[in-house]
Amino acid sequence: MKQPDLPDAAFVARSLSLFRQRAPLVHCMTNDVVHSFTANVLLALHASPAMVIDAEEAAQFSAIADALLINVGTLTPPRAGAMLAAVQAANDATTPWTLDPVAVGTLRLRTNFCQQLLALKPALIRGNASEILALSNRQGGGRGVDTQHQAEQALAAAQRLGQRCATIVAVTGETDYVTDGERTLRVPGGSPLMTRVVGTGCALSAVAAGFAALPGDRLQHIASACRVMACAGEQAAARAQGPGSFIPAFLDALWNLNAEALA
């Protein structure tokens, strides 16, 4: 099988520049573990994060935000209701929304809820290989939030899911794959240190949600988000002594990222 194409470096640089110019307001209904880190990542890229979780307020806020993230990492029934209200309001306002199906496949509440959300047409689904396999095949799952599969093993499932739900699917790992079922881009890079701190995957979903709101080729914009995060991870790992120093180095790398580094 032919290897999927890499994203165009010049497009990635333009996409990042446009993201910074527009400073999208990203409504993050995300898990409790990553609120602060996700907000700091978005701020480092000049975006505006917001974490509105009350059901009534979440629905109101999704109508004015540029993008919505639904991350089911710490899902509860009341939070599911608030998320559903936010998604419905986002759809009414044509606000693109992203689903991060954390640990889907082995836990009943989140698995059933994510299957329900698929019918509400997310602009993007971002997950690891085990999550995408479980969401597509309705079986299996990872070891908690950790994947049991390589991204390449979930590529065909991601393509099927993209076609079935008319959405873009990003399956992330050592190499990321971004597909709409017809076109597929691969994004190598990053660092193993990104898996040794809490929240890089969740933060990627928030960043990708913001990039999905940009005008133009949404598939390329989402692949650009993956490349931006991977490149920042590479730069941070080169300076860090371990996980503790990686996080500030990662935020600094996002802040200082330029076209030369992305190329």
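Treat the numbers as computed from the prediction; the structure is a model and nothing was measured. The analysis underlying the following values was restricted to heavy atoms, covering all of them including side chains, and did not include hydrogens, waters or symmetry mates.
The main-chain N or O of A13 is never found under 3.5 Å from a side-chain atom of S17 such that the two would form a donor-acceptor pair. Within the 3.5 Å criterion, the main-chain N or O of T30 finds a donor-acceptor partner in the side chain of H35. In terms of modelled atom types and a separation under 3.5 Å, the side chain of N91 and the main chain of L120 share a donor-acceptor contact. T200 contributes a side-chain N or O that, together with a main-chain N or O of M194, makes up a donor-acceptor pair within less than 3.5 Å.
Aromatic ring pairs are classed by plane angle as parallel below 30°, tilted from 30° to 60° and perpendicular above 60°; the pair F61 and H27 is perpendicular.
Side-chain contact between C28 and L42: present, with at least one pair of heavy atoms (C-beta onward) separated by less than 4.5 Å. Counting heavy atoms from C-beta outward, P49 and T38 have side chains that stay 4.5 Å or more apart. Annotation: side chain of V102 is not in contact with side chain of N128 (no heavy-atom distance under 4.5 Å).
Shown here for P188 and R227, the closest heavy-atom pair between the two residues is O-NH1, 3.7 Å.
Counting heavy atoms of neighbouring residues, nucleotides and ligands inside a 6.0 Å radius, atom CD1 of I53 does not exceed 12 of them.
Between V87 and the options D92, L99, T95, L68, a side chain to side chain contact (heavy atoms under 4.5 Å, CB included) holds for only L68.
Rounded to the nearest 0.5 Å, atoms OH (Y177) and OG1 (T184) are 9.5 Å apart.
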